[in-house]
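Notes to accompany the following structure.
Positions are given from 1 along the sequence. Remember, it's 1-based here, ligands and their atoms both numbered in the order they're listed.
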Amino acid sequence: MRKNRGPYLSAAIMAVILASFFSCKGEKTAPKEKTEGLINMDIQKQSFGRLPDGSEVEAYTLTNSHGLKARIMTYGATLTSLEVPDRSGKLADIVLGHDSLDGYIDIAQNPYFGSIVGRYANRIAKGRFTLDGVEYQLTTNNGPNHLHGGVKGFDKVLWKGEPVREKAAVGVKLRYLSRDGEQGYPGNLSATVIYWLTEANELKISYEAETDKPTPVNLTHHSYFNLAGQGEGDILGHELTLNADHFTPVDEGLIPTGEIRPVTGTPWDFTIPKAIGAEIAVVPGGYDHNFVLRDGEGTLRMAARVHEPTSGRVMEIYTIEPGIQFYSGNFLDGTITGKSGKVYRKHYGFCLEPQHFPDSPNNPGFPSTILRPGQKYTSLTIHKFSTK
Ligand code: BGC
């Protein structure tokens, strides 16, 4: 009997196992959806320390229901971490930076990691320009030139933060009033930047500014990305596509010569996907150039796509800006120790900064960067994450 029961028993056991397997599978999907639903979109505010003058820096952690996480602090309106999944769902922080405020306020340790740069992102030759017949002299902080807003740009000031919510996004709104004469710029400029983390796995950055005197304005975001994870080697194997047929060549001080040169047949051709390292050896100093995006300015279109083959992470950048600066982390040289004790060596991160062209105030042929009273400066950039 026992012997005879054997096959029935094992068939029954098998049936139970199979049934529980299938019901488990069913249950797995149902609660998974539930669990995902349970990781609600969220905004958490914490202290990120104090500046030497005693003022408190706040950090806002934004989470979407897929588990993506972005942390933004009010010093420099800086994105301090951005966790996105790889193709197996494993999260990694894909932006370079520091664990604490000390690293960010130490100029030698912070080449604009994750910050908002302004009032004028990128370079203005000799820090000088003429507007409506008046010559202005800005502070210089990059050899003879003005870079990223000068000695104390928007990356080195304290912004006012406030949580914001929409149906399918959580965010932080940051405000800063740049005073007339600050770093040499004319006019009181009130700037607002909102970082949104959306349910569509996007980090969306919107910008607005108004002035009471004509002034150049060019705002951008300056994260150093490594889609394999911050500190996880160089970015030379990342495959880059740029929606740009032209770029603006530069002189030895990285000031555009004024020429708009086709990329065809040059190492600057990223119109079809190419590893960042494929031709970098023949680019003196590495990539640090403004690319002229197709379709002019004002329309939201894809500017760049980056794919990291090992993790499968993909980042697409959409913007309404006319250009994008592609910087391959050439000046990282191992002297910066960042998050989790990671040492940032040459090419350990890349920047893709949607913007107007460098030195536009001195290049009448470039799209204008002048904002006048009564006008509103607006800009929008979307970083969309997926895997392949
Ligand atoms: C510029 C680089 C500069 C870097 C600052 C980039 O936006 O293109 O030339 O060195 O910012 O770390």
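Between the N226 side chain and the A228 main chain, a donor and an acceptor come within less than 3.5 Å of each other. Here the side chain of N141 pairs a donor or acceptor atom with the backbone of G150 at under 3.5 angstrom.
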Under the criterion ring pair (Phe, Tyr, Trp, His ring centres under 6.0 Å), I'd like the reasoning laid out for H356 against F366: C-alpha separation, chi angles, the key distance, then a yes or no. CA-CA 8 Å; H356 272 61; F366 291 174; over 10 Å; no
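Around ligand 1 you find P111, Y112, R123, H148, H222, Y224, L254, D288, Q325, Y327, F331, E353, each with a heavy-atom distance below 4.0 Å.
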Scan the side chains in residues 152-170 for donor-acceptor partners under 3.5 Å anywhere in the protein, sequence neighbours excluded, and list what turns up.
unit_1 : atom_1 : unit_2 : atom_2 : d
W159   : NE1    : F154   : O      : 3.0
E162   : OE1    : R175   : NH1    : 3.3

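In this view, L91 and E83, P85 satisfy the side chain to side chain contact (heavy atoms under 4.5 Å, CB included) rule, not counting sequence neighbours. For E316, the side-chain hydrogen bond (donor to acceptor under 3.5 Å, both in side chains) partners at least two apart in sequence or on another chain are R305, Y318.
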